[in-house]
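Every chain is numbered from 1 and lettered A, B, ... according to where its sequence line falls, protein lines coming before strand lines. Every value quoted in this text rests on a predicted model; they were computed, and no experiment measured them.
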Amino acid sequence: MKKIWLIAKTTYRHRVRSGSFLMLTFGIPLLMVIAGAIPFFLLRPSDESPDLGYVDQTGALAQVESVTTEDGISLSMTQFPDREAAQAAYQRDAIQGYLVVPAGYLEGENVTYYAKNEPDDSIEIALEIFLRKAVAPDQPDWVYARLEDPASLTYVASESGEQVSEGIGLVLRFAAPAIMGILFGLAVMFTSTQMGSTVVREKEQRAMEMVITALEPFELVAGKVVGVVLLSFTQLFIWGAGAFIGIYLAVSGQFDLLGLSIPWETIGWGLLLTIPGYFLFAVIAAGLGVIAGDKQGAQQLAGFLGFAGLFPLWFVGLIISDPNGLLAVGLTLFPLTAPIFALFRMTLIEVPLWQLLAAEGLLIGSLVVGVWFVARIFRAAMLIYGKSLNLVQIWNALRQAG
Amino acid sequence: MDNSGTALQVAGISKTYASVRAVRDISFEVGYGEIFGLLGPNGAGKTTTIRMILDIIRPDSGRVEILGGPMNQNKKSRIGYLPEERGLYEDMTLIDTLVYLGQLKGLSRKTAVERAEAYLRTVELWEAHDRKIEALSRGMTQKAQFVAAVMHDPDLIIIDEPFSGLDPINTRVIKQLLYSMRERGAAIIMSTHQMHQVEEMCERILLIDRGQRVLYGKLDEIRTEFAGNAVEIELRGDPGQIPGVERIISRNGGYRMMLAEETRPDQLLKSLVERPDLTVERFERVHMALDEIFVKVVGRAIETEAQPV
């Protein structure tokens with residue numbers, strides 16, 4: 001165990017400092033943060049005149065002199081008798097834009113906003129508040145507040161009794177498994193590449209023969225797998241944090257992200273299935289790295305494995321059309337597809353507990369067999385430099401006494 | 001460590017790859033405190049034999065007893081191995097590589113750091129300790145790999161071509177280290193094609209050819225056996241005809257005398273010393289040079305290109 005941890009630590013420390021890892025790991029979240037920050041900064045109040053104008057062509061609106069949004073942004077509203085007067089004030093920079101409320105507005109006709117720039121969220125909100133007040137004046141503030149968001153629905157799932165609130169909470173309920181599934185696929189892709197190249201590197205640098213006289217092939221394989229898995233977790237954590245900050249910046253003020261109700265049960269089962277599933281893919285990637293003779297071969301095999309990790313996402317439609325069908329149940333039990341299929345089915349139905357437990361058991365069993373298999377072929381492959389193992393060699397390696 | 005006894009006992013091991021019999025029924029022993037030469041032309045089966053000793057590959061038949069019994073996990077920490085396939089982690093620093101390999105061999109991190117520093121100073125590589133392996137010269141890498149093989153003070157050391165790529169000064173440094181390890185009782189198996197090094201360092205040898213044992217035993221005895229019944233003498237005076245000597249060849253200011261089968265060298269020496277007209281200045285039993293024996297036994301030049309086993 002000590003040696004496994006030593007190999008894992010050395011592999012991790014060595015790879016985490018490499019230029020390619022740092023670029024990939026920090027470059028992507030940086031882009032996410034920048035992408036999130038752009039709208040954040042674009043939506044900041046401009047330094048233009050805070051005044052807005054309006055032209056009431058209905059003749060039925062009440063006069064409103066100013067509006068204040070929930071964010072505390074206050075805008076004064078100047079009424080103009082006609083569009084020409086409003087346009088003249090706009091050209092003098094007395095107002096930053098003006099709203100024309102057409103004669104048919106109360107019958108459903110659209111209003112028109114004239115300005116240099118498209119109105120940002122705060123202007124849009126201010127104009128909506130203005131219209132509510134102008135159409136129905138002299139109402140207490142709670143009436144306007146209620147009209148702003150007249151109904152927040154809570155859905156109750158008829159089978160489980162689970163309550164989900166409308167809005168992003170509902171989106172999250174269905175998106176969480178999909179996000180986990182996609183993250184799983186990405187992690188598999190990344191790990192496959194890293195794992196294959198790590199094993200091939202061990203072979204290519206020809207240190208294997210020296211190292212292997214100090215430990216068992218199993219220990220070397222296990223150490224490499226743990227090291228690369230930790231590396232992937234580091235990368236996913238940084239990406240996840242980057243994505244969270246980016247999303248938070250992009251939607252801040254619109255949703256209370258921190259107050260969301262999290263679908264813990266789904267996430268719990270998701271973790272129970274994706275973690276051994278992920279290790280299983282990592283072990284298979286190590287095995288493919290062992291079989292591959294060189295870096296190029298390892299990358300090709302890793303690409304294939306990465307595709308295998310993501311390919312269940314292509315069959316989500318099958319689950320939606322028949323979530324309790326034989327195929328859906330079968331793919332939930334099959335170790336390589338279990339994590340993603342179980343997660344997606346959980347968004348649609350209550351997956352029977354026996355299926356989840358069976359999937360978990362099969363995953364762990366496959367993981368044990370996978371490690372055994374890879375350790376066996378590793379012994380045969382480690383001394384064959386620059387060549388890939390053929391099927392006969394693999395078969396002989398598996399038959400040889402441990 | 002108990003300096004007496006057998007560190008390694010190999011009994012009748014064989015290995016076949018597909019249709020090629022790489023090693024056939026090889027047996028030998030190596031004692032503690034001994035430098036043992038494992039010789040053979042390229043492709044003879046030396047590496048396969050070493051890999052079977054180290055449990056990297058399993059023999060089809062036969063038995064290996066190492067450090068008092070079959071190989072196990074604990075014994076791996078008591079073995080040092082410098083393989084024919086050279087390689088270290090090129091993008092790691094020298095000190096990190098050695099500390100990592102030392103820890104894999106059971107040293108604590110602190111001890112591994114101390115030993116790595118001490119050995120690097122001994123082989124004059126300390127100045128390069130924080131350089132990446134890829135930045136080291138061939139000779140430096142060779143020394144680094146040697147250090148990696150022995151820094152945990154193993155009881156059994158197996159080294160394949162330890163002097164390749166080294167200049168005479170560094171060769172001497174490595175040789176001195178090997179002697180000191182022998183002195184502390186380590187069993188050392190050295191595989192090399194540098195026959196003069198074997199003659200200088202090894203007490204006993206095993207010569208393998210085409211997977212089979214062709215010579216095994218004390219080096220002196222083997223060299224004497226191959227030289228035949230002959231002595232080399234330097235003396236003042238004309239020896240003329242000497243009873244019991246079949247032929248006298250004059251060479252390098254001295255004489256090589258081929259003795260009759262029944263004549264012993266000590267009898268000849270006695271008769272020469274007793275002759276008043278002669279003064280014996282040097283008397284030496286003839287040993288055949290090891291590379292001559294090698295070529296004679298193997299039947300082909302040792303420079304033949306290798307076919308890896």
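Most heavy-atom pairs under 4.5 Å with chain A, from the set B/Met71, B/Gln103, B/Lys76: that is B/Lys76. In terms of heavy-atom pairs under 4.5 angstrom with chain A, the leader among B/Leu54, B/Asp91, B/Leu101 is B/Asp91.
For B/Phe28 and B/Phe36, the gap between ring centers is short of 6.0 Å.
For the pair A/His14 (side chain) and A/Thr11 (backbone), a donor-acceptor distance under 3.5 Å is absent.
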Just list the side-chain donor-acceptor pairs under 3.5 Å for residues 272-290 of chain A, sequence neighbours left out, or say none.
from, atom 1, to, atom 2, distance (Å)
A/Thr274, OG1, A/Gly270, O, 2.6
A/Tyr278, OH, A/Thr191, OG1, 2.5
A/Tyr278, OH, A/Ser232, OG, 2.9

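Pairs of residues two or more places apart, or lying in two chains, that qualify as ring pair (Phe, Tyr, Trp, His ring centres under 6.0 Å) and include a residue from residues 84-116 of chain B are B/Tyr89-B/Tyr100.
With a 4.5 Å cut-off on non-hydrogen atoms, B/Ile79 does not touch chain A at all. Heavy-atom distances place the side chain of A/Thr10, and not its backbone, under 4.5 Å from chain B.
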